[in-house]
2 protein chains.
Amino acid sequence: MSTIQDVARHAAVSASTVSNVLNGRTEKMRQETLARVEEAIVALKYRPSTLARQLKTGQTPLLGLLVPSIANPMYGYIAREVETFAQEKYGHRVLIGNTYRDKEKEASFFEDLLAHGVRRVIVISSLADESHLTQAVQRGMIVVSYDRRATPGEHSKVNHIAPDNFEAARIATRHLIAHGHTHLAFATVAGMTVSRSDKIDGFYAAASEAGLREHARVIEGGPSNEYGDSVIGEAGHDLALQIVKDACRPTGIVAVNDLMALGLMSGLRETGLNVPSDISVVGMDGLFLSAISNPGLTTVQLPVTEMARAMVERAMTGPCPPDVDADDLVFNTTLLVERESVAAPPAQTASTHARKRKTST
Amino acid sequence: MSTIQDVARHAAVSASTVSNVLNGRTEKMRQETLARVEEAIVALKYRPSTLARQLKTGQTPLLGLLVPSIANPMYGYIAREVETFAQEKYGHRVLIGNTYRDKEKEASFFEDLLAHGVRRVIVISSLADESHLTQAVQRGMIVVSYDRRATPGEHSKVNHIAPDNFEAARIATRHLIAHGHTHLAFATVAGMTVSRSDKIDGFYAAASEAGLREHARVIEGGPSNEYGDSVIGEAGHDLALQIVKDACRPTGIVAVNDLMALGLMSGLRETGLNVPSDISVVGMDGLFLSAISNPGLTTVQLPVTEMARAMVERAMTGPCPPDVDADDLVFNTTLLVERESVAAPPAQTASTHARKRKTST
DNA sequence: GTGAAAGCGCTAACAA
DNA sequence: TTGTTAGCGCTTTCAC
């Protein structure tokens, strides 16, 4: 690897001059000198060390990205969009870390980022506690958090970007209701996060506005420390079992996300229930996998690309007036993609419910 | 961020002394001094800058990871294993890049790695041309390539780690044959890579040993520049169409990987064919998704964790005697996971074939 | 217009 | 046992 000195020598100029052309300060430079330097750069295949440069400037073209698990297709999807955009628009590379939703791992990642001179980071965490994030901000980082909101009333220096989870769940639920479902369930994993609770609120809101609040409930499955990939199968299995042995079981289920919906459909099938003829399910996310599942999964499409870009933008630009609060962007999620996992509730179940209602009268 | 100087001042010692305790050169040090330094480090929340350190040592605890698309669940899976292991065992973080199987993007990633002082990189590429890899090696990098083999007879400085693709495909094909299938197809995407051609060889080998070579063929779908995520749906659709309009269609299909199998099953369903009663399909990879597909996908499980670890090990240790050739590790893939996507061929189709045979007699 | 010099935060001889 | 010194590759005043 040749250095700036090598180039300087080759071009018979000083290192400063080379540095100047490197940084575009080329206005007041003699044409001939510039040419010589450029020629030397090419000849020696010289590439400046971002490393040494950073030691001086304090800036490194790196972006941190923290995900629970990159094996989760949703995070993989986001990560790809983030990396592609950060690279194309800002020439930044991305440093990635799996946290398994573990606070220690998150904190340790932040430490390392700092040590590497990385000052911009996007975190997908949903850990209840945000203190390590605000701490990072105090240490000079620009942090963008996905799928959380700032605690209302609290000033926050961390940027938040999220889909409109409330609306997404409401759309999904309304879709079920429009198909005639009256017994609804919201399927989620154990452990509450802001985004999950927003979705649950949206679910209940849709149920309430249709006068179905009493027939709507939340069911939980799976381990609480889940990070959303392989374990989703077990969670779906758990949930299917819960549903099957339910005396008055729901006919329409909205799943907290596509992976859960997929796991759920798989569990349902194992127990002999058919989707959509026995039970309808709708997901949220809009993973490409929902298009090739069987049956095709009806789902609420999240604007992943737009959110990813927005996160990168925020991470790159930072809060303009340094004393102003960070951003809180909520993205519309109005796009329901209809496929085959939703149908009218089965007649049989309807009669079961009718009977029940009669009994209770 | 406090520096080593701050710590030195606080502990009333020199920077070198602090550096010594930082690097464990603490044997010949007075207890009391050590204690003072450690106390100062804690007090100032001091974290050494890997950056400055690297400028000196030429080593940075970073590992490059190049994938076609991190949105592809298989690469997400590998990436997670790589990152986790690199972090836990070697304290290295990983710098990730999507290449979309584009040579320019790959080369540019290598440039940036070099500029960042990263000297170890794992690449999942399958691009025919490996020249940019050997070039990187010449520039002092340790590169580990996944799912390729060294060109036989050629000395190579790049390490290769791959599953036994030939064997994997053979196992998958034999499984179909054991279930009575006589008309076989291998479903892949357009564009040949070493791993794909190995799989095809294994497929034909199994067919031949059962005397079925003439009834075995390869079908291709999808765009040639595919990088294996969202587009897989279209590829599956293409393929299903091809299969359906086939006069003498196969009853058993082995797919080049799980995603292709999933897409294929989806396309098949659209055309009204049932898996497995009309057509059996088996995949390769062993993604967690294969467990929750419908029907559950029978697939050959690849030893992903082991391969990921081996790749990290190779990347970290490098070729011990610097004049010796790089490693070429092929991992056994003998584990067939049986689920529901394989059954005996349909009687109807068998009779069709019988008729055909009669006609040709 | 171009170069000399200082310094970013750290490490590693070598002195003391 | 600890401190002094030089220098990693680059940027950036400030002279010339």
Side-chain angles (χ1 to χ4, degrees), chain A residues 1-38 40-41 44-62 111-119 139-140, chain B residues 1-38 40-41 44-62 111-119 139-140:
Chain A
M1 298 258 23
S2 41
T3 78
I4 201 173
Q5 290 295 352
D6 299 331
V7 177
R9 214 168 301 131
H10 188 108
V13 296
S14 77
S16 332
T17 302
V18 180
S19 174
N20 282 337
V21 350
L22 251 35
N23 295 282
R25 280 184 291 273
T26 183
E27 330 78 43
K28 42 184 71 175
M29 195 173 285
R30 207 180 304 159
Q31 269 301 324
E32 192 258 341
T33 314
L34 174 58
R36 250 188 13 253
V37 171
E38 284 175 332
I41 289 177
L44 298 178
K45 291 192 176 59
Y46 170 70
R47 314 257 53 181
S49 154
T50 47
L51 198 76
R53 172 174 300 181
Q54 183 201 348
L55 192 53
K56 196 67 201 168
T57 63
Q59 295 278 338
T60 192
L62 247 29
E111 287 293 344
D112 283 9
L113 288 184
L114 245 7
H116 277 286
V118 180
R119 297 162 43 83
R139 299 225 244 156
Chain B
M1 298 262 19
S2 40
T3 79
I4 202 173
Q5 291 294 352
D6 300 331
V7 176
R9 215 169 300 129
H10 188 107
V13 293
S14 78
S16 335
T17 303
V18 179
S19 175
N20 283 335
V21 350
L22 251 35
N23 294 282
R25 281 182 290 273
T26 183
E27 329 78 42
K28 42 185 72 174
M29 195 173 283
R30 207 182 304 158
Q31 270 302 324
E32 192 258 341
T33 314
L34 173 59
R36 251 189 10 257
V37 172
E38 285 177 331
I41 288 176
L44 298 178
K45 290 192 177 58
Y46 169 71
R47 313 256 56 179
S49 155
T50 46
L51 197 74
R53 173 174 297 179
Q54 184 202 346
L55 192 52
K56 194 70 198 164
T57 64
Q59 295 279 338
T60 192
L62 247 31
E111 287 294 342
D112 282 8
L113 287 185
L114 245 8
H116 277 286
V118 181
R119 298 162 40 84
R139 297 226 245 158

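Note that these values count all heavy atoms, side chains included, but never hydrogens, waters or copies made by symmetry. Proteins come first, then strands; the chains are lettered A, B, ... in the order of their sequence lines, and each starts at number 1.
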Can you tell me the distance, in whole Å, between the [atom1] atom of [X] and the [atom2] atom of [N]?
X     : N      : atom1 : atom2 : value
A/I4  : C/dC8  : CD1   : P     : 18 Å
B/D6  : C/dG9  : CG    : P     : 8 Å
A/Q59 : C/dG9  : CD    : P     : 14 Å
B/Q5  : C/dT11 : CD    : P     : 12 Å
B/L51 : C/dC8  : CG    : C1'   : 9 Å

Under a 4.0 Å heavy-atom criterion, DNA chain D is touched by chain A from D/dG9 to D/dT12
Results of salt bridge (Lys or Arg N to Asp or Glu O under 4.0 Å) for A/R9 - residues two or more places apart only
A/D6
Sequence neighbours excluded, which residues qualify as salt bridge (Lys or Arg N to Asp or Glu O under 4.0 Å) partners of A/E27?
none
To the nearest 0.5 Å, what is the distance between [atom1] ([X]) and [atom2] ([Y])?
X      : Y     : atom1 : atom2 : value
B/N20  : B/S14 : CG    : OG    : 8.0 Å
A/I4   : A/I41 : CD1   : CD1   : 8.0 Å
B/Q54  : A/Q54 : CD    : CD    : 9.5 Å
A/R119 : A/L62 : CZ    : CG    : 13.0 Å

For a quick test of reading the model, state the closest non-hydrogen atom pair linking B/A52 to A/L55 and the distance between them.
CB-CD1, 3.8 Å
Could you pull out the closest heavy-atom pair between A/Y46 and A/T3, with the gap in Å?
CE1-C, 3.5 Å
Of the candidate nucleotides C/dG7, C/dT11, C/dC10, which contains the atom at the shortest distance from the side chain of B/T3?
C/dC10
Identify, residue by residue, the members of residues 7-18 of chain B with a heavy atom below 4.0 Å from DNA chain C, and return them in order of residue number, or none.
B/S16
Interface with DNA chain D, restricted to residues 19-34 of chain B and to heavy atoms under 4.0 Å
B/K28, B/M29, B/R30, B/T33
Pairs meeting criterion salt bridge (charged side-chain N to carboxylate O under 4.0 Å, His left out) with involvement of residues 46-61 of chain A, two or more places apart
A/R47-B/E111
Which of these, A/T26, A/L22, A/V21, sits in a side-chain contact (heavy atoms from CB on, under 4.5 Å) with A/V37?
A/V21
Measuring only between side-chain heavy atoms, which start at C-beta, is B/P61 closer than 4.5 Å to A/H116?
yes
